[in-house]
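Worksheet for the structure shown next.
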Amino acid sequence: MGGARTALFNWLYARHQEGTFILRIEDTDKERSTDASIEEILESMRWLGLDWDEYYRQTDRTDAHLRAAQDLMDRGLAYEADGAWWFRVPTEGSTIVHDDLLGDVTFPNDLLKDFVIRRSDGSFIYHFVVVVDDADMEITHVIRGDDHLNNTPKHVLLFQALGRPVPRFVHLPMILGTDRTRLSKRHGDTAVLEYRHRGFLPEAMVNFLAKLGWSHGDEEVFSRQALIALFSLDEVNKSGAIFEDTKLLWLNQQHMKLADLDRLLDLVRPWILEPGRVNEEMWNTVDQEVLRVGAHLLRDRCKTLRDLAQAMELLFDVPLEPIDEIIVSAIQAPLMIAVAEQLECTDPFDPESIERDMRAALEANGATLKDVALASRLAVTGRRAGPGLFEILAAIGRNLVTARLREAAQGAGE
RNA sequence: GUCCCCAUCAUCUAGCGGCCUAGGAUACCGGGUUUUCAUCCCGGCGGCAGGGGUUCAAAUCCCCUUGGGGACGCCA
């Protein structure tokens, strides 16, 4: 999650500046960097919509690393010991890191020790490779996590030894878990893709992550375009933030309300099909307008795509999965039959006509809407709560509505 | 232990010396709207870690303490 936030800030900065966003996989540790772990990173980036202009793996650039290391050896700035190549750190003076966020941070050199740049097996160490790559790729801004601040003097020294300009640094504060320690797999860090699985919208995740450390006055809800337009390093915070998903849930709801309806339907589709009650054919043959209107009515009370999918199931011709018990009294049953009969001829089948005809039918039977409102809602939707009765009836459609009314009336008193 | 960073409500934060008896958002609690629920609107709860300075004036600047985090690998 921390990596995603770092990637996002880099991406926002690059896009805002209309610069180049390079995705570089730091795979110099064979143990850590597997095809699966790299694929997860790529898929997370794709899901979040963080598109890249160039792509590298550091291990693809070994030739360049070797040339740079050999250069240091040739000039006596590095030496070999125990089969590894070591960078010689000056014993005197100090190294200053100019950080655009934190200001100047001074590290006495005598506290730094010589460090390995090339392992005895011939592979290179991250600290060395990252500097060579940044220099070769003419990276202007190094925006990364706070945990790298202590490594930065090493990097500065290497840039200087290589005779290359030192880029600008921005060290972002850590994202903390609810236990206040750095977010890690052991302490409740959830993979980015897990949030996709939980039914979050990528733009909500992006909005949330952006706000974790960046703020723009009192504004809370940002579209991707707005973030690109407004993002500025000047508005980045210096202190660590705890990752709590209560606000993420709220943001997701906000973005679901903002989302284009057709896109929302595409996104919610897998969740509706997943339980298996609604199949592909039913999805394809149902009136699209039913889905659009239904999604529009239902999304106001949903936090995630999962919630929405569960709610939208009632739009399909499948047995209701009642959330609340459907209770129809012996007195209500004939009234509901009368309503069903009336609705067979209601035309058009829209909220206004339904309300008018329903009230008329009830009045003709000496009853009022109040007598059957809740029972009808339960019969047709399987729950006590939901959108306006006439709106949801109209959205569900005549056939399902009348069938469910009759079915519930028949089961009355059981 | 050594070094580095950070410090405003439970959480995310605004604040860059006077506009602050500290503003917004989430969460929570009330009220309104809604035939229901949600949305929405209104209100409430709740914080400048502590102590010294500097200044006419400090949440804002400086120092100390405390607290939190991070780094000290032939990991990144």
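All values below were derived from every heavy atom in this structure, side-chain atoms included, with hydrogens, water molecules and symmetry-related copies excluded. Lettering of chains follows the sequences in order, A, B, ..., and the numbering in each one begins at 1.
Across all strands, A:His148 comes closer than 4.0 Å to base atoms (heavy-atom distances). In this structure, A:Ile242 reaches the sugar-phosphate backbone alone: every heavy-atom distance under 4.0 Å involves primed, P, OP1 or OP2 atoms, never a base. At a threshold of 4.0 angstrom between heavy atoms, the contacts of A:Leu212 are confined to the sugar-phosphate backbone, with no base atom among them. Using a 4.0 Å heavy-atom cutoff across all strands shown, A:Lys370 reaches no nucleic acid atom at all. Using a 4.0 Å heavy-atom cutoff across all strands shown, A:Pro108 reaches no nucleic acid atom at all. At the heavy-atom level, A:Arg384 lies under 4.0 Å from base atoms of the strands shown. Contact annotation for A:Ala241: backbone-only contact, meaning every heavy-atom pair under 4.0 Å involves sugar-phosphate atoms and none involves a base. Backbone-only engagement by A:Asn237 is indicated by non-hydrogen atom pairs under 4.0 Å involving sugar-phosphate atoms exclusively. Across all strands, A:Leu389 comes closer than 4.0 Å to base atoms (heavy-atom distances). A:Glu80 comes within contact range of no nucleotide atom at all, as no heavy-atom separation falls under 4.0 Å. Heavy atoms of A:Phe107 sit under 4.0 angstrom from primed sugar atoms or phosphate atoms, though from no base atom. Contacts of A:Ser120 with the nucleic acid, taken as non-hydrogen atoms under 4.0 Å apart, include base atoms. Nucleic acid contact class of A:Glu26 (heavy atoms, under 4.0 Å, all strands): sugar-phosphate only. If you check every strand for non-hydrogen atoms under 4.0 Å, A:Gly213 touches sugar and phosphate atoms only.
Regarding contacts with the backbone of B:rA76, a side-chain N or O of A:Arg119 is found under 4.0 angstrom from either OP1 or OP2. Distances shown here put every side-chain N or O of A:Gln254 at or beyond 4.0 Å from the OP1 or OP2 atom of B:rA38. Taking 4.0 angstrom as the limit, A:Lys30 places none of its side-chain polar atoms (N or O) nearer than this to OP1 or OP2 of B:rC75. For B:rA14, the OP1/OP2 oxygens have a side-chain nitrogen or oxygen of A:Ser215 closer than 4.0 Å. In this structure, A:Lys238 reaches the B:rC6 phosphate: one of its side-chain N or O atoms is under 4.0 Å from OP1 or OP2. Here A:Ser239 does not reach the OP1 or OP2 of B:rG68: none of its side-chain N or O atoms lies under 4.0 Å away. Side-chain N/O atoms of A:Arg377 include none lying less than 4.0 angstrom from OP1 or OP2 on B:rC37. Checking the phosphate oxygens (OP1, OP2) of B:rC75, no side-chain nitrogen or oxygen of A:Asn151 falls inside 4.0 Å.
Between A:Leu362 atom CG and B:rU35 atom P there is a gap of 16 Å when expressed in whole angstrom units. In this structure, the CD atom of A:Glu31 is 11 Å from the P atom of B:rA76, given to the nearest Å. To the nearest angstrom, P of B:rC6 lies 13 Å from CE of A:Met174. When the P atom of B:rC4 is taken as reference, atom CG of A:Asp104 falls 14 Å away, rounded to whole Å. For A:Leu249 and B:rU26, the CG to P distance is 13 Å, given to the nearest whole Å. Between the CH2 atom of A:Trp250 and the P atom of B:rC12 there is a distance of 16 Å, given to the nearest Å. In this structure, the CG atom of A:Asp133 is 14 Å from the C1' atom of B:rA76, given to the nearest Å. Rounding to whole angstrom units, CZ of residue A:Arg144 and P of B:rG70 are separated by 18 Å.
Contact check on A:Glu194 versus A:Arg198 returns no salt bridge, with no Lys/Arg side-chain nitrogen under 4.0 Å from an Asp/Glu carboxylate oxygen. Between A:Arg15 and A:Asp53, at least one side-chain nitrogen of the basic residue sits less than 4.0 Å from a carboxylate oxygen of the acidic one, meeting the salt-bridge criterion.
Of the possible polar contacts, none joining the A:Arg277 side chain to the A:Leu320 backbone as a donor-acceptor pair under 3.5 Å is found. Distance alone, capped at 3.5 Å, is enough to place a donor-acceptor pair between the A:Trp86 side chain and the A:Ala81 backbone. Although no hydrogens or angles enter the test, the distance criterion places no donor-acceptor pair under 3.5 Å between the side chain of A:Ser353 and the main chain of A:Phe349.
B:rA25 sits 14 Å from B:rG46 when the C1' atoms are compared, rounded to a whole Å. If you take atom C1' in B:rA22 and the same atom in B:rA76, they sit 41 Å apart, rounded to whole Å. When the C1' atom is used for both B:rG51 and B:rU66, the distance is 10 Å, rounded to whole Å. Across the C1' atoms, B:rU39 and B:rC19 are found 35 Å apart, a figure rounded to whole Å. Rounded to a whole angstrom, the distance from the C1' atom of B:rG32 to that of B:rG70 is 49 Å. B:rU11 sits 15 Å from B:rC45 when the C1' atoms are compared, rounded to a whole Å.
Checking each of A:Asn10, A:Thr6, A:Thr152 against A:Arg144 for a side chain to side chain donor-acceptor pair (under 3.5 Å) leaves exactly one that passes, namely A:Thr152.
Set against B:rA38, B:rU11, B:rG70, the side chain of A:Gln253 has B:rA38 as its closest nucleotide. Across B:rC75, B:rG70, B:rC74, the shortest atom-to-atom separation from the side chain of A:Val116 is found for B:rC74. The A:Arg301 side chain lies nearest to B:rC37 when the options are B:rC3, B:rC6, B:rC37. Considering only side-chain atoms of A:Leu149, the nucleotide from B:rG68, B:rC4, B:rC75 that sits closest is B:rC4. Checking B:rA76, B:rU35, B:rU26 against the side-chain heavy atoms of A:Thr28 singles out B:rA76 as nearest. Listed candidates were B:rC74, B:rG69, B:rC37. Nearest to the side chain of A:Asp82 is B:rC74. You'll find that the side chain of A:Arg182 is closest to B:rA71, out of B:rA71, B:rC74, B:rA76. Of the listed nucleotides (B:rG69, B:rC12, B:rC75), B:rC12 has the atom at the smallest distance from the side chain of A:Lys247. Set against B:rC12, B:rA76, B:rA27, the side chain of A:Lys303 has B:rA27 as its closest nucleotide.
Other residues, nucleotides and ligands place no more than 12 heavy atoms under 6.0 Å from the CZ atom of A:Arg384. Atom CD of A:Gln17 sits in a crowded spot, with more than 12 heavy atoms from other residues, nucleotides or ligands closer than 6.0 Å.
Judged by distance alone with a 3.5 Å cut-off, a donor-acceptor contact links the side chain of A:Glu220 to the base of B:rG24. If you check distances only, the side chain of A:Asp146 never reaches the base of B:rG70 with a donor-acceptor pair under 3.5 Å.
Across all strands shown, B:rC40 pairs with B:rG32; the Watson-Crick or G-U wobble distances both stay below 3.5 Å. Checking B:rG1 for Watson-Crick or G-U wobble geometry (two distances, each under 3.5 Å) identifies B:rC72 as its partner.
Residues A:His148 and A:Tyr126 bring their aromatic ring centres within 6.0 Å.
Mapping A:Gly386 and A:Glu244 onto RNA chain B by nearest heavy atom places A:Glu244 closer to the 5' end of the strand. Between A:Pro387 and A:His127, the residue anchored nearer the 5' end of RNA chain B, judged by the nucleotide with its closest heavy atom, is A:Pro387.
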Worked verdict on A:Asp136 versus A:Arg164 for salt bridge (Lys or Arg N to Asp or Glu O under 4.0 Å): CA-CA 9 Å; A:Asp136 286 352; A:Arg164 311 297 292 264; 3.4 Å; yes
